[in-house]
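Comments concern the structure below.
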Amino acid sequence: SGRCFHNPPGFRARDWLLWPVEVPLSSMLALRREMTCVSDSLVRRMFSTDPGEQMAAVRRWKEAVAEDPEAVVEASGLVYRWATGLMGMATVRPQVYKAAIDLLMDMWLHMQNEEISMTDKEAQVVLPALAERVGHRLPALREATKELLQRAHKVYPPAAVATIFFQRLRSKNRRSAGDLLQLLCTIETSTGATPRGRRDVGLLLQLAAEKEAAVRDGAVQLLRALGTAVPEDLLRAAPAAVREAVAPGAVGASARRPTPGRGATPAGARGATP
């Protein structure tokens with residue numbers, strides 16, 4: 001029934017303010033009032049509490065991606081805010097959540113094929129929200145979100161994606177932290193763009209000692225991928241179990257290696273007579 005939205009003169013959805021990770025109802029209501037570029041019938045469905053209406057709205061946006069992808073990409077700031085807000089609502093149904101993920105996947109596939117990148121504001125809307133929710137309690141939604149985020153560095157600079165993921169590693173949802181570490185390993189092995197400053201490596205060494213197995217194993221895997229980028233002094237200061245996990249054999253080697261200035265004796269000099 002025609003285009004689902006129109007752009008009034010001067011409208012740029014890309015210039016919207018940043019979207020919070022946890023989206024309160026008041027923010028969703030404010031978002032609805034700002035949607036002057038969307039048809040009234042679609043807006044009613046987008047902000048309905050009826051899951052059937054919400055699904056219909058997602059399907060209409062997916063149709064728009066197929067029919068006029070450039071127009072949807074131009075309004076992507078709007079779509080990102082609504083889709084992640086929908087996923088952040090406590091009452092969202094799993095099928096609606098999955099449909100929203102599929103919508104974002106369709107958008108990113110088009111952007112990747114056309115070599116279109118997200119703007120910084122768009123990335124700050126969608127990536128932190130998805131990174132926080134990747135460790136969903138439902139395995140199917142967890143895998144779908146992870147699969148989507150595996151494409152993030154195809155539509156936004158890998159180093160910038162990795163930085164956003166690093167910022168979410170302290171999430172209270174430790175499943176999310178474990179999944180983000182796996183995603184960071186993918187970015188490192190494919191692009192070498194993982195943050196590797198001393199503070200970043202220090203955080204990874206802390207996570208490598210965590211009780212949560214997925215977080216611990218993910219941190220160790222990423223530290224191994226970083227290899228020589230791990231400062232030796234930070235590695236020596238880590239617990240022995242972490243050192244052995246990150247660099248097998250390093251514990252014994254450090255014990256055998258004399259420290260300069262601490263009484264090291266040249267080979268053959270022990271017991272020598274003046």
Side-chain angles (χ1 to χ4, degrees), residues 3-5 7 12-16 18-19 21 23 31 37-38 42 46 54-55 57-88 92 94-136 140-168 176 179-180 182-191 193-194:
R3 293 183 62 179
C4 66
F5 63 92
N7 290 344
R12 282 181 56 85
R14 292 169 179 263
D15 296 332
W16 286 19
L18 303 188
W19 194 232
V21 172
V23 184
L31 174 60
C37 64
V38 181
L42 180 56
M46 291 171 67
Q54 294 170 350
M55 282 291 292
V58 176
R59 283 196 297 268
R60 185 64 192 99
W61 277 108
K62 285 173 65 66
E63 291 170 0
V65 173
E67 296 166 0
D68 195 357
E70 289 78 13
V72 176
V73 169
E74 182 60 30
S76 55
L78 178 155
V79 180
Y80 291 151
R81 292 177 71 186
W82 172 67
T84 55
L86 194 62
M87 289 185 283
V92 67
Q95 60 268 34
V96 176
Y97 188 109
K98 177 61 165 58
I101 290 291
D102 292 342
L103 168 61
L104 297 180
M105 179 68 83
D106 288 352
M107 292 176 61
W108 285 6
L109 285 172
H110 169 75
M111 293 171 65
Q112 181 180 344
N113 291 336
E114 297 298 321
E115 298 183 349
I116 300 172
S117 296
M118 285 192 289
T119 67
D120 292 339
K121 285 187 176 181
E122 290 168 346
Q124 289 295 335
V125 166
V126 69
L127 292 182
L130 292 173
E132 183 68 24
R133 300 187 181 105
V134 66
H136 200 283
L141 299 185
R142 183 178 182 180
E143 287 303 314
T145 309
K146 190 187 302 184
E147 182 180 355
L148 175 64
L149 286 177
Q150 286 172 345
R151 291 191 174 275
H153 69 279
K154 305 290 187 180
V155 294
Y156 195 56
V161 174
T163 297
I164 292 174
F165 287 176
F166 250 88
Q167 292 169 350
R168 308 308 304 178
S176 289
D179 289 344
L180 289 174
Q182 292 181 18
L183 292 166
L184 284 165
C185 285
T186 300
I187 293 176
E188 174 60 27
T189 55
S190 60
T191 70
T194 303

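Below, all heavy atoms of this structure are taken into account, side chains as well, without hydrogens, waters or symmetry copies. By convention here, the first residue in the shown sequence is residue 1. Everything numeric in this text was worked out from a predicted model, so none of it was measured.
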Got Leu127 and Met118 here, is their nearest side-chain heavy-atom distance under 4.5 Å?
yes

Taking side-chain contact (heavy atoms from CB on, under 4.5 Å) as the test, write out the residues that go with Ala57, two or more places apart.
Leu42, Arg45, Met46, Trp82

Under 3.5 Å, which donor-acceptor pairs do the side chains of residues 153-163 form with other protein atoms, sequence neighbours left out?
| unit_1 | atom_1 | unit_2 | atom_2 | d |
| --- | --- | --- | --- | --- |
| His153 | ND1 | Gln150 | O | 3.4 |
| Tyr156 | OH | Asp120 | OD1 | 2.7 |
| Thr163 | OG1 | Ala159 | O | 2.9 |

If a pair satisfies salt bridge (Lys or Arg N to Asp or Glu O under 4.0 Å) and one of its residues is in residues 95-104, list it, with sequence neighbours excluded.
Lys98-Asp102

Distance in Å, Lys121 NZ paired with Ser76 OG, rounded so as to fall on 0.5 Å steps:
12.5 Å

Inspect the surroundings of CD in Glu70 and state if more than 12 heavy atoms from other residues, nucleotides or ligands are less than 6.0 Å away.
yes

Between OG on residue Ser176 and CZ on residue Arg142, distance to nearest 0.5 Å:
7.5 Å

Heavy-atom pair of closest approach, residues Ala99 and Val58
O-CG1, 3.4 Å

By salt bridge (Lys or Arg N to Asp or Glu O under 4.0 Å) - contacts of Glu147 (at least two apart):
none

Can you name the closest pair of heavy atoms from Gly135 and Asp179 and give their distance?
CA-OD2, 3.7 Å

CG-CZ distance between Leu183 and Arg168, expressed to the nearest 0.5 angstrom:
14.0 Å

Taking ring pair (Phe, Tyr, Trp, His ring centres under 6.0 Å) as the test, write out the residues that go with Tyr97, two or more places apart.
His136

For Ala66 against Pro69, the heavy-atom pair lying closest together:
O-CD, 4.2 Å

Answer whether the closest heavy-atom distance between the side chains of Val73 and Val79 falls below 4.5 Å.
no

By side chain to side chain donor-acceptor pair (under 3.5 Å), Glu63 pairs with (sequence neighbours left out) Arg60

From Leu180 CG over to Ile164 CD1, what is the distance, rounded to the nearest 0.5 angstrom?
11.0 Å

Rounded to the nearest 0.5 Å, what's the gap from CH2 on Trp61 to CG on Leu103? Could you check?
8.5 Å

With rounding to the nearest 0.5 Å, note down the distance linking OG1 in Thr145 to CG in Leu130.
7.0 Å

Partners of Glu188 by side-chain contact (heavy atoms from CB on, under 4.5 Å), sequence neighbours excluded?
Thr194, Arg196, Leu222, Ala225, Leu226

Return a table of donor-acceptor pairs under 3.5 angstrom between the side chains of residues 105-112 and protein atoms on other chains or two or more places apart.
| unit_1 | atom_1 | unit_2 | atom_2 | d |
| --- | --- | --- | --- | --- |
| Asp106 | OD2 | Lys62 | NZ | 2.5 |
| Trp108 | NE1 | Tyr80 | OH | 3.1 |
| Gln112 | OE1 | Arg151 | NH1 | 2.8 |

